[in-house]
Amino acid sequence: MIKQAIIPLAGLGTRLLPLTSVFAKELLPINGKPGIEYILDECISAGIKEVIFIISQKKLMIKKYFCNDKFYKDIIKKKKDPRIIQEYKKILKYKKMIKFVFQDKPLGTGDAVLKTKKYIKDKYFLMLLPDDLIVKNNCSKSMMAVHKKYNSSVMASMKVNKKEVSRWGIYSVKNKVNKNNFIIKNVVEKPSIKLAPSNNAVIGRYILPKTIFNKLSKLKPGKGGEIHITDAIQSLISENYKFIGHNFSGKYLDCGTMKGYINSTLEISKI
């Protein structure tokens with residue numbers, strides 16, 4: 001059973017500027033609740049016991065959000081407001097399961113993952129990218145069921161518009177396991193339309209093997225001078241490690257752009 005999850009949170013959030021020049025995008029409210037709390041709730045519901053946040057010095061606001069005990073204790077002492085007490089209890093529940101590690105140079109998701117190496121205990125762990133919200137069905141939970149059945153790494157996937165393939169990691173299929181699961185033949189980070197092997201995109205949920213740390217430590221920077229998790233995954237696939245692309249059944253919401261962020265609030269308000 002997978003018990004640990006990692007969440008890279010050190011990104012600069014340039015697509016949400018100017019807001020993110022002063023505010024962590026993961027704390028922006030989506031229908032009145034910070035985006036990161038949806039991700040944490042998904043983890044808890046999937047049975048995760050420990051979550052490792054990868055933040056930077058510029059994102060210390062996130063740590064303060066979960067570790068602001070004195071503020072809550074002082075205000076509860078004065079007001080005894082049941083709503084505030086309930087909110088504080090919720091924050092404490094999250095805080096108990098969170099560890100913080102730092103990535104102070106924006107060197108990519110692969111570099112962020114590498115920062116967690118000494119904390120990962122088991123053979124496999126879950127990674128969630130906070131720009132990608134998946135609602136209505138717990139994607140992490142369904143991926144864990146696939147992992148348990150086939151004893152393999154799993155990546156959430158969906159078909160995207162051919163014109164948008166350069167936004168994603170794109171994979172080609174080796175063979176079909178069943179209607180929602182596919183053995184991945186290869187995966188490419190943000191290919192051009194011309195070079196994309198398909199329109200099967202990897203979405204921000206991964207069950208990864210601990211062996212990926214060895215690959216990440218040897219990787220040279222790829223596109224944009226960053227260390228890409230996709231390149232490390234491809235390296236493992238080349239050595240016959242099994243990765244399954246899992247077509248999830250929840251509703252995907254992109255919170256990483258202003259248009260997507262506004263749309264996410266509208267969609268969640270309807271649930």
Side-chain angles (χ1 to χ4, degrees), residues 1-8 26 30-31 33 35-53 93-94 97 109 113 116 120-160 167-185 187 198-210 212 229-230 233 236-237 241-256 260 263-264 267-268 270-271:
M1 188 71 179
I2 293 162
K3 296 293 178 190
Q4 288 178 296
I6 68 171
I7 306 176
E26 297 83 7
I30 299 170
N31 196 39
K33 173 175 159 179
I36 190 63
E37 289 191 15
Y38 290 97
I39 303 286
L40 284 169
D41 288 345
E42 181 180 332
C43 287
I44 291 165
S45 178
I48 293 293
K49 301 299 179 194
E50 182 180 77
V51 180
I52 302 166
F53 280 6
K93 183 178 81 169
Y94 292 143
M97 64 189 297
T109 304
V113 172
T116 69
I120 298 298
K121 298 165 193 152
D122 300 321
K123 271 188 176 180
Y124 290 89
F125 61 95
L126 175 69
M127 177 170 78
L128 306 92
L129 302 185
D131 280 356
D132 295 346
L133 274 193
I134 299 167
V135 295
K136 292 187 177 177
N137 275 299
N138 190 316
C139 180
S140 294
K141 202 172 187 177
S142 64
M143 284 170 63
M144 283 186 190
V146 173
H147 163 74
K148 192 177 177 184
K149 187 171 183 181
Y150 299 103
N151 192 31
S152 76
S153 299
V154 187
M155 300 192 285
S157 83
M158 69 178 190
K159 293 211 175 283
V160 296
R167 284 185 56 199
W168 316 87
I170 301 291
Y171 72 88
S172 60
V173 173
K174 186 176 181 181
N175 51 55
K176 188 176 176 180
V177 178
N178 53 41
K179 67 172 186 166
N180 289 321
N181 297 294
F182 307 88
I183 305 288
I184 294 173
K185 185 179 178 183
V187 62
S198 72
N199 64 333
N200 296 311
V202 178
I203 305 303
R205 301 289 182 277
Y206 304 73
I207 291 173
L208 297 169
K210 200 176 181 179
I212 203 156
I229 194 74
T230 311
I233 289 166
L236 287 173
I237 290 170
Y241 279 82
K242 187 161 70 173
F243 278 78
I244 290 176
H246 171 66
N247 285 354
F248 56 90
S249 59
K251 185 172 182 61
Y252 168 72
L253 301 170
D254 173 15
C255 303
N263 182 57
S264 298
E267 288 294 330
I268 287 175
K270 294 174 193 171
I271 296 170

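FYI, side chains are in, hydrogens and waters are out, and symmetry mates aren't considered; it's all heavy atoms of this structure.
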Residue among Lys251, Arg205, Met144 satisfying side chain to side chain contact (heavy atoms under 4.5 Å, CB included) with Cys139: Arg205
query: Should the heavy atoms of other residues, nucleotides or ligands under 6.0 Å from NZ of Lys174 be counted, would the total exceed 12?
result: no
Contacts of Tyr124 that satisfy ring-ring contact (aromatic ring centres under 6.0 Å, His included) - sequence neighbours left out: His147
Close side-chain approach of Phe243 and Leu208, heavy atoms under 4.5 Å: yes
message: Please tell me whether Tyr241 and Ser153 have a donor and an acceptor in their side chains that are separated by less than 3.5 angstrom.
response: no
field: Validation row: Val173, Ser198 side chains within 4.5 angstrom (heavy atoms)
entry: no
query: Do side-chain atoms of Ser45 reach the backbone of Asp41 as a donor and acceptor pair under 3.5 angstrom?
result: no
query: For Lys136, does the NZ atom sit with more than 12 other heavy atoms under 6.0 Å from it, leaving out its own atoms?
result: no
- prompt: Are any non-hydrogen side-chain atoms of Ile268 and Tyr38 less than 4.5 angstrom apart?
  reply: yes
message: As an exercise, state the distance from CG of Asp131 to CG of Asp254, rounded to the nearest 0.5 Å.
response: 6.5 Å
query: Applying the side chain to side chain contact (heavy atoms under 4.5 Å, CB included) test to Met127, which of Thr109, Ile52, Ile212, Ile7 qualifies?
result: Thr109
- request: Would you check if Lys93 and Ile44 make a side-chain contact, meaning some heavy-atom pair closer than 4.5 Å?
  value: yes
